[in-house]
Amino acid sequence: MNNFFRTGAKASLILFSSVLLASCGKDDQDPGSEYAPDMYYPVSYEPLKQLADNKNAINPGGLNMRVPAEHTIARGKLGFYTHISKDSAEIAGRELVNPVARTTQNLEEGKVLYLRFCSPCHGETGQGDGLVGAKFKGVPNYTQGRYATLPVGHIYHVIVNGRGRMMPHGTQVNPQERWKISMYVQQLQKGITDASGAETADTGSTSTDAPQGASTTENTNPVTGTTADPTKDTRN
């Protein structure tokens with residue numbers, strides 16, 4: 001009986017070793033066979049995943065994510081397109097025009113964004129007296145010297161690309177939000193912290209391509225805390 005069990009154990013060990021060796025291939029990129037692949041690969045299309053047996057029946061070529069046509073600008077985004085190099089803030093100040101209308105609502109959203117992203121350095125009133133500005137000297141005061149007359153395009157450009165010790169914020173705020181912040185900074189240049197003083201005659205860019213309000217067909221990043229119901233999800 002003991003010999004029977006020993007023989008069985010040896011046979012099982014040999015069989016297990018053979019299966020283990022057979023499962024190892026020369027191709028280090030081959031994942032081999034997968035057990036229950038449906039747990040890993042969804043039936044629905046995913047934009048960042050392309051499976052050989054899950055071709056998109058709608059898009060040409062069966063691709064899930066289509067690359068925009070070269071040298072094109074999305075409809076409604078012409079006013080957000082900038083071709084100015086990151087070291088040319090002065091040129092941006094002369095050439096860039098704010099495509100967002102100067103309204104009380106946009107100023108209020110710009111104020112919320114400014115307090116969230118900019119006030120730690122520049123202070124709530126733009127005088128460079130934020131907590132970070134008090135620790136690290138050299139943060140500009142928007143109400144004094146040349147900073148009080150910087151054009152909106154210059155401010156926008158610096159928000160995107162940074163300047164001096166200020167790091168770029170282009171990945172933290174989208175183009176619409178950058179223009180709203182720039183718009184509110186111009187209020188601070190005048191020493192005005194109230195966001196309700198918009199001039200109705202100033203409607204931003206006169207371009208017919210300027211977007212009118214938030215998009216209803218694409219994902220946007222609404223400013224929280226500026227709606228009548230701050231808890232309501234306005235992205236849909």
Side-chain angles (χ1 to χ4, degrees), residues 76-77 79-82 84 86 89 92-93 96-134 136 139-143 147-200 202-205 210-216 218-236:
K77 300 299 181 181
F80 295 141
Y81 173 71
T82 59
I84 301 170
K86 63 179 182 179
L96 297 185
V97 178
N98 191 346
V100 177
R102 186 182 179 84
T103 63
T104 298
Q105 180 181 354
N106 286 336
L107 276 173
E108 288 176 348
E109 294 186 1
K111 180 177 181 178
V112 172
L113 291 163
Y114 173 86
L115 294 176
R116 182 182 302 167
F117 293 100
C118 312
S119 64
C121 291
H122 295 281
E124 294 186 7
T125 60
Q127 297 183 25
D129 54 354
L131 294 177
V132 178
F136 299 96
V139 178
N141 184 338
Y142 294 140
T143 65
Y147 298 107
T149 59
L150 289 177
V152 68
H154 186 288
I155 300 170
Y156 176 91
H157 189 273
V158 173
I159 291 174
V160 178
N161 302 290
R163 194 170 196 183
R165 295 166 69 178
M166 175 180 168
M167 299 300 292
H169 284 63
T171 59
Q172 300 180 45
V173 285
N174 62 38
Q176 261 191 334
E177 293 172 335
R178 300 168 202 164
W179 282 118
K180 291 175 182 178
I181 294 174
S182 304
M183 190 186 304
Y184 180 70
V185 169
Q186 288 197 305
Q187 290 282 94
L188 297 180
Q189 288 176 317
K190 305 171 186 176
I192 303 173
T193 59
D194 184 7
S196 62
E199 300 175 9
T200 56
D202 185 355
T203 57
S205 173
Q212 302 298 319
S215 172
T216 58
E218 63 184 70
N219 183 28
T220 58
N221 185 15
V223 180
T224 57
T226 58
T227 59
D229 184 3
T231 63
K232 183 179 180 181
D233 188 352
T234 59
R235 291 173 296 177
N236 297 325

Non-hydrogen side-chain atoms of E108 and V112 separated by less than 4.5 Å = no
Residue set satisfying side chain to side chain donor-acceptor pair (under 3.5 Å) with H154, at least two apart, ordered chain then number -> R163
Heavy-atom pair with the smallest gap, counting every atom of L188 and T143 | O-CG2, 3.2 Å
Contacts of type ring-ring contact (aromatic ring centres under 6.0 Å, His included), residue H122, not counting sequence neighbours | Y142
With sequence neighbours left out, write down each residue that passes side-chain contact (heavy atoms from CB on, under 4.5 Å) with V152, or none if nothing qualifies.
-> N98, W179, S182, Q186
All pairs passing salt bridge (charged side-chain N to carboxylate O under 4.0 Å, His left out) where residues 147-160 contributes a residue, at least two apart = none
In terms of heavy-atom contacts, does CD of Q127 have more than 12 from other residues, nucleotides or ligands at under 6.0 Å?
-> yes
So, do Q187 and R102 sit near enough that their side-chain heavy atoms are less than 4.5 Å apart?
-> yes
Are Y147 and N141 side-chain neighbours, meaning at least one heavy-atom pair lies under 4.5 Å?
-> no
Within a strict 4.5 Å, meaning less than it, do heavy atoms of the L131 and P120 side chains meet?
-> no
Taking C-beta and beyond as the side chain, do Q189 and T149 meet within less than 4.5 Å on heavy atoms?
-> no
State, yes or no, whether a side-chain contact exists between V139 and V132 at a heavy-atom distance under 4.5 Å.
-> no
Given side chains that start at C-beta, do those of F136 and C121 come closer than 4.5 Å, heavy atoms only?
-> no
K111 NZ to I181 CD1 distance, which is reported to the nearest 0.5 Å = 14.0 Å
Qualifying residues under side chain to side chain donor-acceptor pair (under 3.5 Å), relative to T193, sequence neighbours excluded | none
